[in-house]
Amino acid sequence: MYKIIKSFFVFLTAFCCWACTDKAPEYPDLEGYWKQERIDDGNTGTQTVHERVYWAFQLGVSEVRNIQTGEDFLCRYEYNEGASSLRMYDFRMKGNQSQKVNVGKLSLLGIPSDDVIYEVVKLDGDRMLLRADDITLHFRKF
């Protein structure tokens, strides 16, 4: 009987250790999938609505996917919760990591440069607003 109880506790301990190996999100409000709804350009006073642009954030890597054009970009990001800033840099084409992204393609999505720091105006797990260079990006959690 003692062997059975001992084996059960060894199994239970091993199972608990295995279950705890998944990496928890570092920033749960930011990490996940976001649908880009629109871009407000303060310089021109225009709004651009995006129907099929999605952003994903996880463990320091971000993906920006424009389904309308079929383009996917990968980049690194650094989120500073205390300063309410989000830096996105080192943009590359998904599938061809050696190819840097043309800044003209990024600007169509509200990304003014290949190394940009956004002010995080709002981030509550359901909505996100990012601002840089008089451009405001509006997102909702997907």
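Excluded from the calculations below are hydrogen atoms, water molecules and symmetry mates; all remaining heavy atoms, backbone and side chain alike, are included.
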* To do: Step by step, work out the side-chain contact (heavy atoms from CB on, under 4.5 Å) result for F57 and L86.
  => CA-CA 11 Å; F57 296 92; L86 175 67; 4.0 Å; yes
Which heavy atom of [X] sits nearest to which heavy atom of [Y], and what is that distance?
| X | Y | answer |
| --- | --- | --- |
| V103 | S113 | CG1-CA, 4.1 Å |
| Y54 | E51 | OH-O, 4.1 Å |
| A132 | I117 | CB-O, 3.7 Å |
| N43 | D134 | OD1-OD2, 3.1 Å |
| G110 | I135 | O-CG2, 4.1 Å |

[Y] and [X], any side-chain heavy atoms less than 4.5 Å apart:
| X | Y | result |
| --- | --- | --- |
| Y118 | M128 | no |
| V61 | E63 | no |
| L123 | L30 | yes |
| M88 | W55 | yes |
| D114 | V101 | no |
| Y79 | E31 | no |
| T136 | L130 | no |

To the nearest 0.5 angstrom, please state how far the [atom1] atom of [X] sits from the [atom2] atom of [Y].
| X | Y | atom1 | atom2 | result |
| --- | --- | --- | --- | --- |
| E37 | L137 | CD | CG | 11.5 Å |
| F73 | Q99 | CZ | CD | 9.5 Å |
| R131 | S84 | CZ | OG | 12.0 Å |
| R92 | L74 | CZ | CG | 10.5 Å |
| I111 | D133 | CD1 | CG | 12.5 Å |
| R65 | R52 | CZ | CZ | 10.5 Å |

* **Hydrophobic cluster membership, V116 vs M93, 4.5 Å side-chain cutoff** => yes
* Near D90 CG, under 6.0 Å, is it more than 12 heavy atoms from other residues, nucleotides or ligands? -> yes
* Does a sphere of radius 6.0 Å around OH in Y33 hold more than 12 heavy atoms from other residues, nucleotides or ligands, not counting ones at 6.0 Å or beyond? -> no
Do the side chain of [X] and the main chain of [Y] share a donor and acceptor less than 3.5 angstrom apart?
| X | Y | result |
| --- | --- | --- |
| N102 | G104 | yes |
| Q36 | H50 | no |
| S62 | R76 | no |

* Asked: Is the shortest distance from a Lys or Arg side-chain nitrogen in K141 or D126 to a carboxylate oxygen in the other one below 4.0 Å?
  ->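 Salt bridge: no.
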* Using 30° and 60° as the class limits, which term best fits the ring planes of W34 and F139: parallel, tilted or perpendicular? ->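 Geometry flag for F139 against W34: perpendicular rings.
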